[in-house]
Structures are given as C-alpha cells and as structure tokens.
Amino acid sequence: MQHLIKTSDFTKEEILELFEDAKNYKDMKSNKILEGKIIVNLFFENSTRTRSAFETAAKRLGAEVISLDLGTSSRSKGETIFDTVANINATKPDAIIIRHEDSGAPEALSSCVDCPIINAGDGSHAHPTQALLDLFTIMEHFQGNTEGKKIAIVGDAKNSRVAGSNKKLLPRFGMEVVFVAPDCFKYESTTHKQYDNLNEIIDEVDVVMSLRTQLERHNEIYFSSPYEYAKDYCITKDVFGDRDILLMHPGPVNRNIDISDEMLEDKRNKVLEQVTNGVLVRMAILKKLILQK
Ligand code: CP
C-alpha cells in the first residue's frame with residue numbers, strides 16, 4: 001500500500017501525473033470519484049489551510065470526512081497516539097490524514113493501519129502536500145519549465161518542515177534551492193548555498209519563499225522582538241523592486257514580519273493561489289492513494 005509521508009514516496013513521473021490530474025479540478029466542480037469513501041482527519045497540531053484544503057478536496061470528490069476533535073477525544077484520558085490510530089483504523093476508513101508535532105509520527109503509524117496515511121506535517125521533518133502544491137504553483141507559472149530556476153527560501157528553514165520538503169523536492173525538478181537567514185536559523189548543509197541577506201542574491205532568483213518563524217519549536221529566544229528580525233528579513237517592495245520574481249509563503253503569514261502589507265497586495269504574491277492549488281493537488285493525491293490498486 002502506498003502512503004504519502006515524504007515527497008520521495010512519489011516518483012517524478014507520479015508527481016507529473018498527479019499535476020496533470022490536479023489541472024482537471026481547476027473549475028472546482030464537485031464529482032463522485034470518491035463517493036462512499038470515508039477519510040479521517042487527525043490533526044494533533046493546529047491548522048487552517050491544510051485541514052480545510054483536505055476537507056474541501058475530499059468533499060469535492062464526493063467522500064465523507066470525519067475530522068476528529070482531538071480536544072474532546074479520549075486522548076485526554078491517557079490513550080497513546082498508536083492506540084488512537086489503531087482504533088480509528090478499526091473503523092475501516094479509506095484514508096487517514098495526520099498532522100503531528102513529532103517528526104516521524106506519521107511514518108511510525110503507517111505500519112499499524114490498513115489504509116493510506118497522508119502526512120499533513122510532522123514536526124520540523126516534512127510537509128509533503130505543501131511542497132507538492134508549491135511545486136505545482138511554480139510549474140503553473142513557468143509553464144512546466146522549472147529547469148535552472150532558482151528559489152531563495154527566507155527565514156527559519158532550520159525548524160521548517162516546508163523547507164525540509166521543498167529542499168528535497170524542487171531540485172528533482174531542476175531547481176536550485178538557496179537559503180537566506182540569520183545564523184540562528186541557518187540550516188546545516190553542504191548541499192545548499194546560504195546567505196545572510198536577500199539583497200546578496202535577489203538579482204539571481206526566480207522565486208522567493210518566505211517562512212514564518214517557528215517560535216513553537218524554539219528552545220531559546222533569538223530576537224528581542226519580531227520587528228528586530230523583520231528589519232532584515234521582511235519581504236518589502238524595497239527588497240523586490242520591480243524584479244520579475246514570484247513571492248510565495250506556505251502560511252500563516254505574519255504580516256509586516258514575514259511579508260509587508262504592500263507585498264501581500266502585489267501581483268507577484270502567490271500566497272492565495274498556493275492555497276487554491278492546495279485543494280487541486282490534494283484532490284489528485286486523495287484520488288491516487290484511495291483508488292490505488
Ligand atoms: N501551510 C500550512 O501548513 O498551513 P496550516 O498550518 O494553516 O495548515
């Protein structure tokens with residue numbers, strides 16, 4: 001059985017096929033491809049975009065969705081995550097979508113179930129559906145031609161599962177990934193170039209992806225205030241100028257910390273397009289994994 005724990009679970013060919021399928025859903029019309037199927041959402045961590053996009057995707061395909069309210073589940077009575085998932089599995093769902101604060105949780109749970117597990121983000125490890133929708137958005141913009149394109153990922157890459165997935169996925173499609181961050185957020189890597197300031201690289205990049213500072217994963221305070229970080233790393237019109245560069249962010253965006261209000265209104269900003277594409281790509285993923293032979 002095929003699960004989606006990390007982007008390398010899909011071959012390049014499978015990803016391109018997924019994207020072809022995703023394009024079929026651009027009209028956002030509902031169909032009955034997954035009629036009679038039941039999908040369980042288990043979000044042990046907060047989510048706005050991923051959870052609602054998965055629910056929308058499932059419902060657009062005619063599936064029923066059960067989103068377990070983990071605040072009112074028996075988890076508070078001491079049940080382990082393995083027992084929670086074993087019990088959900090015993091209800092015979094057709095797929096389980098899991099977000100968990102511990103890196104590796106969805107992978108560990110995938111061996112205990114009889115249906116596909118989809119990783120909706122685990123700790124600082126991976127967020128495969130986000131990286132796939134990011135790649136889809138970039139491909140749509142460049143008419144499929146990502147070979148030789150360069151992306152600068154700006155901010156807390158060290159603690160970001162979105163960066164973790166994108167730095168592996170995008171080079172498979174010919175893109176160069178570089179990081180821009182203060183020393184405290186630099187990702188230890190010999191594979192990717194790292195810069196202190198976006199100005200050093202802005203003339204060479206095709207895409208800028210800004211990241212939220214992952215305060216929930218920090219063990220110490222790195223900046224006296226978010227604005228101290230923002231003065232060097234907030235994406236502003238001053239930094240972008242008139243350059244033909246895509247601006248992306250996985251969300252949630254901290255306004256005027258990650259991206260300025262002005263740049264969030266700018267035509268080059270793809271943030272909401274990413275969210276829409278997230279529904280299309282997740283429709284294709286659900287269809288592929290649930291109807292797999
Ligand atoms: N991009 C993303 O994972 O957003 P949410 O945390 O709102 O799901």
Side-chain angles (χ1 to χ4, degrees), residues 4-7 9 18 22 39-60 65-71 95-107 117-138 140 151 153-170 177 185 207-218 226 235 246-255 257-259 263-264 269-286:
L4 177 56
I5 306 298
K6 50 195 183 309
T7 56
D9 290 334
L18 268 183
I39 297 167
V40 178
N41 259 343
L42 287 181
F43 278 69
F44 294 90
E45 244 190 23
N46 293 343
S47 170
T48 297
R49 283 144 288 272
T50 311
R51 180 172 157 172
S52 60
F54 265 120
E55 285 199 29
T56 304
K59 289 179 179 179
R60 287 263 180 243
V65 181
I66 296 170
S67 287
L68 198 68
D69 181 350
L70 291 160
I96 301 174
I97 298 162
I98 297 183
R99 168 170 288 190
H100 199 278
E101 62 272 22
D102 291 341
S103 297
E107 178 145 39
I117 291 262
I118 302 175
N119 180 3
D122 62 326
S124 56
H125 170 234
H127 195 346
T129 62
Q130 178 68 45
L132 288 166
L133 76 87
D134 292 338
L135 174 61
F136 181 81
T137 303
I138 295 167
E140 284 289 280
I151 179 170
I153 299 183
V154 180
D156 189 4
K158 189 174 170 183
N159 296 291
S160 165
R161 55 196 174 210
V162 176
S165 285
N166 271 315
K167 73 181 183 229
K168 291 184 179 152
L169 177 67
L170 301 181
V177 178
F185 295 158
V207 184
V208 168
M209 180 180 289
S210 167
L211 297 174
R212 179 180 66 87
T213 299
Q214 311 279 305
L215 292 175
E216 69 276 25
R217 290 192 247 287
H218 293 178
I235 309 299
L246 295 195
L247 175 57
M248 302 176 73
H249 192 300
V253 176
N254 289 160
R255 277 180 178 265
I257 308 286
D258 306 338
I259 302 177
M263 285 308 292
L264 285 168
N269 159 35
K270 295 280 171 183
V271 174
L272 294 180
E273 201 174 309
Q274 285 172 265
V275 177
T276 304
N277 288 340
V279 176
L280 314 182
V281 170
R282 289 181 176 106
M283 286 174 82
I285 290 168
L286 288 172

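One-based numbering, in listed order, for ligands and for the atoms of each. Side chains are part of it too, since the values below use all heavy atoms of this structure and drop only hydrogens, waters and symmetry mates.
- Looking at R161, its side chain never comes within 3.5 Å of a backbone N or O of H125 through a donor-acceptor pair.
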Let me see the working for H249 and R212 under side chain to side chain donor-acceptor pair (under 3.5 Å), right down to the final yes or no.
CA-CA 8 Å; H249 192 300; R212 179 180 66 87; over 6 Å; no
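- In terms of protein heavy-atom proximity, atom 4 (O) of ligand 1 is nearest to R49 NE, 3.1 Å.
- Under a 4.0 angstrom heavy-atom cut-off, G121 registers as lying outside contact with ligand 1.
- For ligand 1 and T48, the ligand atoms under 4.0 Å from any heavy atom of the residue are 5 (P), 7 (O), 8 (O).
- Side-chain atoms of H218 and F185, non-hydrogen and from C-beta on, do get closer than 4.5 Å to each other.
- Other residues, nucleotides and ligands contribute over 12 non-hydrogen atoms within 6.0 Å of the CG atom of D102.
- Taking every non-hydrogen atom of T50 and a distance limit under 4.0 Å, the qualifying atoms of ligand 1 come out as 2 (C), 3 (O), 4 (O), 5 (P), 8 (O).
- Among all non-hydrogen protein atoms, the one lying nearest atom 1 (N) of ligand 1 is P250 O, 2.7 Å.
- Between the D156 side chain and the T213 main chain, no donor and acceptor come within less than 3.5 Å of each other.
- At under 3.5 Å, not a single nitrogen or oxygen of P252, backbone or side chain, sits near a nitrogen or oxygen of ligand 1.
- Here the options are V208, D134, L211, the test is side-chain contact (heavy atoms from CB on, under 4.5 Å), and the partner is M248; only D134 passes.
- Residue R51 has no N or O atom closer than 3.5 Å to an N or O atom of ligand 1.
- At least one heavy atom of R99 sits less than 4.0 Å from an atom of ligand 1.
- The cationic atom of R282 (NZ for Lys, CZ for Arg) lies less than 6.0 Å from the six-membered ring centre of F54 and within 45° of the ring axis.
- Close approach to G251 involves these atoms of ligand 1, each under 4.0 Å from a residue heavy atom: 1 (N), 2 (C), 4 (O).
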